[in-house]
Amino acid sequence: MAIDNCGYTSQLNYNFISAFTPPPATMIRFHITKKGILKFFKRLAIGVVSLILLFFILNWIFPLPDKIEYSTIITDNKGEVINAYLTSDQKWRMKTELNEISPLLRKTIIAKEDKYFYSHPGVNAVAVTRAFFKNLFRMKRISGASTITMQVARALEPRKRNIISKIIEMFRAFQLELKYSKDEILQMYLNLVPYGGNIEGVKSASQLYFKKNPDHLSLAEITALSIIPNRPSSLVMGKNNDRIVEERNRWLKKFASDKVFTEKEIEDALAEPLIASRGTVPHYIPHLAYKLKKQGSDLIQTNIDLNTQLKTEKLVEDYIRTQRLRNIKNAAIVIIDNRKHKVITYVGSSGFADSTDGGQVNGANAVRQPGSTLKPLLYATCFDEGLLTPKAVVTDVAVNYQGYAPENYDQKFNGYVTVEYSLDHSLNIPAVKSLKLLGRDKLIHQLVECDFRQIQKDQRKLGLSMILGGCGTTLEDLTGMFSLFANNGDYVSPAYVQADTHHVTKHIVSPAAAFMINEILSKVGRPDFPLNWSATERMPKIAWKTGTSYGRRDAWSIGYNKNYTVGVWVGNFSGVGVADLSGANVATPLLFKIFNTIDYDSDEEWFTQPKDCDIRQVCSETGLIPTDHCTNLTTDYFIPLVSSNQSCNNMQEIMISADEKISYCKSCAPENGYKKKWYKLMEPDMQSWYEDNHIAYAKIPPHNPDCELIFKGNAPFITFPVNGSEYLISKKSPDPLQLVCKTSNDVSKAYWYINDKFYKMANAGEKQFFIPQEGPVKISCTDDKGRNRDIKITVRYVNL
Ligand SMILES: [Zn+2]
Ligand SMILES: [Zn+2]
């Protein structure tokens with residue numbers, strides 16, 4: 001019986017035309033015979049049309065149940081399976097892609113299962129008829145005659161074997177042939193066929209029995225596998241291998257007699273031993289695999305380089321073993337290939353199986369405080385805004401921004417420091433000052449551009465403290481951001497999977513700014529260089545930045561060179577802080593070990609000075625363009641037409657009395673009897689720092705008390721506290737006292753002193769607060785023209 005859609009249609013047309021065309025006169029004498037033939041064809045046509053209609057109606061009512069749930073497979077950058085998940089019905093059912101069905105696999109399966117697969121319409125009519133008569137006479141169970149298509153139908157909808165089931169299978173087979181190509185049906189067959197236990201499909205079988213992909217199976221292996229589905233309970237790989245080989249060889253000899261393969265091929269296959277046994281599915285990169293699985297795809301092709309991954313995992317495991325003595329139990333690593341912008345290693349914890357210390361927690365995407373790790377991006381952005389250069393001098397002394405008084409890590413202040421020094425010593429005050437100078441919004445914008453999602457969420461809440469770690473970031477974010485310094489300041493979101501090919505390049509900082517950061521962060525002999533790191537090791541040159549979060553909970557160290565960016569986090573998932581824990585002590589040694597392993601002895605050249613970066617001479621006391629009075633010069637990188645061209649204003653010539661006790665202005669200087677002297681200009685907060693640290697400096701003598709320009713009436717008037725009053729303060733909950741003053745119109749800044757010690761700088765008219773000590777307190781307010789007012793109050797602490 002010809003079952004071909006085209007055939008039916010043409011026959012149908014012919015009969016319709018015949019039925020409605022009157023017979024020609026010359027044929028009348030044969031009309032009885034012809035009428036009989038026409039009648040037969042008409043009935044046949046009606047029968048066939050009805051059958052087709054019935055099929056389509058049934059097809060519409062009973063659609064093909066062809067939704068197949070596959071195991072999620074995770075592959076490495078070479079396409080090898082490195083992790084997989086059971087389906088919801090607890091099966092290993094890995095999807096074999098069309099390109100994994102090798103010609104050998106196809107040929108062997110078709111030769112064994114269904115020789116006429118490519119020519120039948122889903123059902124092999126000859127085989128069905130033969131089986132029907134055989135079974136009719138012997139009254140045996142229905143057997144044989146199943147095509148590959150019918151086997152797919154049975155696997156999609158398993159049911160008891162009887163005539164009804166067989167008819168349904170045939171119907172389903174037609175449906176399959178209508179919907180899918182032959183190759184797709186073969187693919188479904190190879191994906192659904194059971195191979196013993198909970199293994200379904202040739203990919204799961206080749207992975208679990210032979211530890212390889214199906215396109216790498218040999219003829220002997222394919223044949224051995226192909227006999228399992230017939231007797232899955234009695235032919236068990238690894239248990240009944242001798243019997244499997246016996247059966248395999250029987251089939252191989254049959255292939256030889258059918259001339260499916262050459263004699264040589266059969267000979268080799270017969271000689272091949274079977275050393276398969278049931279293995280396990282690999283479970284590498286468990287944290288990343290779990291994270292990516294949520295995407296819901298059957299096949300997730302990652303960019304993981306398994307060699308680097310495993311080496312790094314080993315280093316982390318060994319390292320954490322030594323740190324346990326210090327009560328430090330967890331670590332996470334992310335490694336980016338800087339040239340390809342791909343994540344090649346991802347370690348979420350020091351051991352996934354470690355259930356006591358939360359090994360299943362993914363430390364690489366946990367939101368944590370970044371410590372000082374955002375400082376390089378801050379300074380790079382300041383360089384691009386023309387606000388700073390590496391040798392620009394900033395002050396590291398106590399500041400207070402509306403109640404926010406940051407301290408340095410060692411709780412000491414360093415006075416005048418360069419930006420370079422501030423960054424490689426990770427000083428906090430210069431960073432907070434620089435952020436205030438740049439503007440918080442600008443830094444947040446930069447971080448949001450670099451995919452810092454938590455910062456984007458929290459941006460309204462973030463203050464200046466964010467630069468010291470007062471914000472939420474992940475190791476993934478930080479490692480991605482640092483890779484921009486290795487990429488001329490351009491950020492490319494690192495790709496975790498091969499499907500992610502849309503490399504959008506975002507310009508974050510200029511090549512010049514990135515280069516300046518690279519130079520600063522790659523200096524050896526830094527204070528945070530690992531203590532016990534032997535100089536003889538052939539460590540590749542890297543730039544790196546450390547960070548330690550508040551409460552010593554998180555140790556960070558992120559390093560890079562042209563090849564890799566490596567992000568290291570060390571801490572405790574439990575959130576317990578450890579006194580010994582710091583980025584330099586705990587995270588950097590691991591960072592160095594990783595670079596020394598994955599990039600050992602690489603002779604890669606370092607970053608070269610880009611075109612938009614130049615060198616100039618600056619005054620070493622300010623980092624500004626030197627004038628004739630600047631005696632100490634140094635060289636500095638700068639960005640032409642961007643970096644500030646301000647000349648050094650460090651020194652000022654002042655008129656003073658011969659005994660150097662009084663200073664004069666132009667209006668009060670006597671005609672003679674005065675001299676001129678150069679003084680270094682200093683803000684009151686720096687003067688105060690010099691005094692606190694007993695550092696001698698040339699102080700400008702007080703201004704001429706007889707000067708008409710500076711008379712008492714214009715000095716700030718302290719309205720609160722009230723001069724001469726007594727203030728009672730609660731011992732239990734002391735409330736601060738307000739400091740309020742009125743200043744002249746020409747004043748923009750007021751400086752407050754408590755008991756002759758600098759306390760705080762304020763804008764004119766701005767209130768300040770302080771908690772005084774018990775007893776008499778002297779409060780002074782000096783304006784920016786040098787006019788001063790003192791008052792005295794008395795403070796008593798009482799039980800209120
Ligand atoms: Zn100077
Ligand atoms: Zn004067």
Side-chain angles (χ1 to χ4, degrees), residues 382-383 386-397 414-422 430 433 437 614-638 643-687 689-690 695-716 743-751 780-790:
C382 288
F383 294 160
L387 301 169
L388 297 171
T389 56
K391 290 283 189 339
V393 170
V394 291
T395 54
D396 178 39
V397 292
N414 297 271
Y416 288 115
V417 285
T418 61
V419 164
E420 196 172 77
Y421 184 94
S422 306
K433 283 183 173 172
L437 196 65
D614 215 337
I615 294 177
R616 68 182 178 188
Q617 289 248 306
V618 294
C619 170
S620 59
E621 288 181 36
T622 55
L624 299 173
I625 308 294
T627 62
D628 295 344
H629 307 289
C630 301
T631 45
N632 295 314
L633 303 185
T634 185
T635 53
D636 190 14
Y637 290 115
F638 79 113
S643 300
S644 166
N645 268 338
Q646 196 189 337
S647 58
C648 182
N649 56 358
N650 200 25
M651 304 294 281
Q652 198 182 21
E653 200 176 31
I654 305 282
M655 290 175 279
I656 53 170
S657 59
D659 60 1
E660 302 193 1
K661 290 218 164 116
I662 310 173
S663 59
Y664 303 111
C665 65
K666 272 180 191 162
S667 71
C668 69
E671 274 184 24
N672 45 40
Y674 71 87
K675 59 183 186 180
K676 287 180 172 176
K677 193 175 172 183
W678 287 91
Y679 285 93
K680 186 173 171 146
L681 275 181
M682 217 181 269
E683 295 267 302
D685 57 352
M686 271 309 293
Q687 289 182 22
W689 181 81
Y690 268 55
I695 299 170
Y697 69 102
K699 211 173 176 178
I700 301 172
H703 200 76
N704 177 13
D706 299 327
C707 177
E708 287 180 356
L709 278 188
I710 299 174
F711 51 91
K712 285 267 162 77
N714 277 358
T743 53
S744 310
N745 292 343
D746 58 344
V747 171
S748 59
K749 295 263 191 287
Y751 302 92
S780 319
C781 184
T782 306
D783 68 17
D784 52 15
K785 301 287 183 293
R787 298 168 294 211
N788 180 66
R789 171 91 58 188
D790 298 332

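Counting starts at 1 for both ligands and their atoms, following the listed order. When reading the values below, keep in mind they use all heavy atoms of this one structure, side chains included, and skip hydrogens, waters and symmetry mates. The shown structure was predicted, so the numbers you read here are calculated from the model rather than taken from an experiment.
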Any donor-acceptor N or O pair under 3.5 Å, side chains Thr622, Asn650
no

Does Lys680 make a cation-pi contact with Tyr690, if we ask for NZ or CZ under 6.0 Å from the ring centre and within 45° of the axis?
no

With the Zn ion (ligand 2) at the apex, how many degrees lie between SG of Cys665 and SG of Cys668, rounded to 10 degrees?
110°

Over 12 foreign heavy atoms within 6.0 Å of NZ, Lys699:
no

In Asn788, Asp783, Thr782, the residue satisfying side chain to side chain contact (heavy atoms under 4.5 Å, CB included) with Pro716 is Asp783

Strictly under 2.8 Å, how many protein N, O or S atoms lie near the Zn ion (ligand 1)? Waters don't count.
3

Intermediate values then yes/no, side-chain contact (heavy atoms from CB on, under 4.5 Å), Glu621 and Asn632:
CA-CA 7 Å; Glu621 288 181 36; Asn632 295 314; 3.8 Å; yes

Passing candidate, side chain to side chain contact (heavy atoms under 4.5 Å, CB included) with Val394, options Leu437, Thr418, Val417, Asn414:
Val417

